[in-house]
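See structure below.
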Amino acid sequence: MAADDPERASRESEIAKTREQLEGIRTGGDFIERTARDGNVNLTGIAMIDQGIVKKWRENPRLMLYKLQANSYKLAGS
């Protein structure tokens, strides 16, 4: 796109927002993966989350990260 294209600013804003969301997903994924690797599955004190979601993440972190990335558009809000 040309520097003076009226849509350029809008597109750059969308790209920046998407990059920020992706970084958030990576940060969250890294945290959960580290926590699961360390064996700490009592993160929230809520059994359904700790023994369900976190346990599944611990058993197969790649699958859970894939699911998070595949469904992140639902969390994007726009």
Side-chain angles (χ1 to χ4, degrees):
M1 268 186 183
D4 60 344
D5 190 316
E7 295 239 357
R8 185 177 179 123
S10 175
R11 299 293 180 195
E12 287 178 348
S13 175
E14 288 177 29
I15 291 169
K17 184 176 177 181
T18 301
R19 284 184 176 147
E20 185 177 315
Q21 291 169 345
L22 181 57
E23 185 57 32
I25 291 169
R26 287 183 180 141
T27 301
D30 290 346
F31 169 76
I32 293 173
E33 194 170 343
R34 263 192 331 273
T35 302
R37 192 174 46 242
D38 295 343
N40 182 6
V41 291
N42 189 17
L43 296 175
T44 66
I46 302 170
M48 180 186 83
I49 295 173
D50 294 338
Q51 299 305 316
I53 297 169
V54 176
K55 183 178 178 190
K56 286 180 183 179
W57 193 294
R58 184 176 188 198
E59 292 169 355
N60 195 345
R62 289 182 184 260
L63 176 61
M64 292 299 288
L65 186 57
Y66 166 77
K67 288 181 177 185
L68 181 63
Q69 289 173 333
N71 290 291
S72 64
Y73 71 93
K74 296 176 185 176
L75 305 172
S78 52

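No experiment lies behind these values; they were computed from the predicted model shown.
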What's the separation between atom [atom1] in [X] and atom [atom2] in [Y], rounded to the nearest 0.5 Å?
{"X": "Gln69", "Y": "Leu22", "atom1": "CD", "atom2": "CG", "value": "7.0 Å"}
{"X": "Lys67", "Y": "Leu65", "atom1": "NZ", "atom2": "CG", "value": "12.0 Å"}
{"X": "Arg8", "Y": "Ser10", "atom1": "CZ", "atom2": "OG", "value": "12.5 Å"}

Does any part of the side chain of Ile15, heavy atoms only, come nearer than 4.5 Å to the side chain of Lys17, both counted from C-beta?
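The answer is no; the side chains never approach within 4.5 Å.
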Let me check something: do Met64 and Ile25 share a hydrophobic cluster, defined by ILVMFWY side-chain heavy atoms less than 4.5 Å apart, either directly or through other members?
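Shared cluster, yes.
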Given 3.5 Å as the limit, does a donor-acceptor pair link the side chain of Thr18 with the main chain of Glu14, or not?
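Yes, because the side chain of Thr18 sits within donor-acceptor range (under 3.5 Å) of the backbone of Glu14.
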Residues Glu23 and Arg19 bridged, charged N to O under 4.0 Å
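Salt bridge absent between Glu23 and Arg19.
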